[in-house]
Amino acid sequence: MPERAELLARLTVAAQHSVTDGVVLHQIIADKVGLHVTDLRCLNLLRLSGPATPGELAAATGLTTGAITRMVDRMLAAGYVRREHDPVDRRRVIVSVAPERIAEIGPLYDRVAAGWAELLTDYTDEQLAVVLGLFNRAHEMTVALVAELRKELT
């Protein structure tokens with residue numbers, strides 16, 4: 001078994017490959033559906049977190065409100081989102097996904113889901129719990145790091 005330092009170095013390289021692979025995969029899918037990759041990532045945020053205001057989307061993505069407005073306009077024109085006024089505060093605009101269009105993107109990710117399902121069959125429940133913990137902790141670390149880096153920009 002390799003030393004811990006070597007394992008950590010190999011894990012770092014594997015993580016870098018994984019992140020790059022994800023970027024390439026999402027770019028190809030965005031190209032196939034005629035969206036920018038940032039549009040596709042924004043749709044995923046809306047799908048996971050629910051409807052949001054343009055300001056909330058700007059905060060979540062780190063994009064300017066002007067860039068978000070252009071993005072929402074593109075996705076609206078393509079039919080991927082709906083823009084509605086908040087029924088309580090008519091000045092607020094809420095952006096939500098158009099489920100029927102999101103459903104069209106889903107099949108493009110079916111091969112990824114099938115690949116993951118196949119990969120994970122070799123792991124015990126205990127090992128899956130460790131992997132899940134790693135992904136959850138990596139998400140928390142990334143959110144914290146993004147917040148730190150944004151503060152440094154201002």
Show the atom names and distances, to 0.1 Å, of all donor-acceptor pairs under 3.5 Å that link a side chain in residues 6-17 to residues at least two apart or in another chain.
| residue | atom | partner | partner atom | Å |
| --- | --- | --- | --- | --- |
| Thr12 | OG1 | Leu8 | O | 3.0 |

Residues in side chain to side chain donor-acceptor pair (under 3.5 Å) contact with [X], at least two apart in sequence or another chain:
X: Arg150; result: none
X: Tyr109; result: His26
X: Glu100; result: Arg82
X: Gln27; result: Asp31

Other ILVMFWY residues reachable from [X] by side-chain steps of under 4.5 Å:
X: Ile28; answer: Val24
X: Leu134; answer: none
X: Leu145; answer: Leu149

Residues forming a salt bridge (charged side-chain N to carboxylate O under 4.0 Å, His left out) with [X], sequence neighbours excluded:
X: Glu56; result: none
X: Arg91; result: Asp89
X: Arg47; result: none

Apply side chain to side chain contact (heavy atoms under 4.5 Å, CB included) to Val97 and list each qualifying residue two or more places apart in sequence or on a separate chain. Leu43, Leu46, Ile102
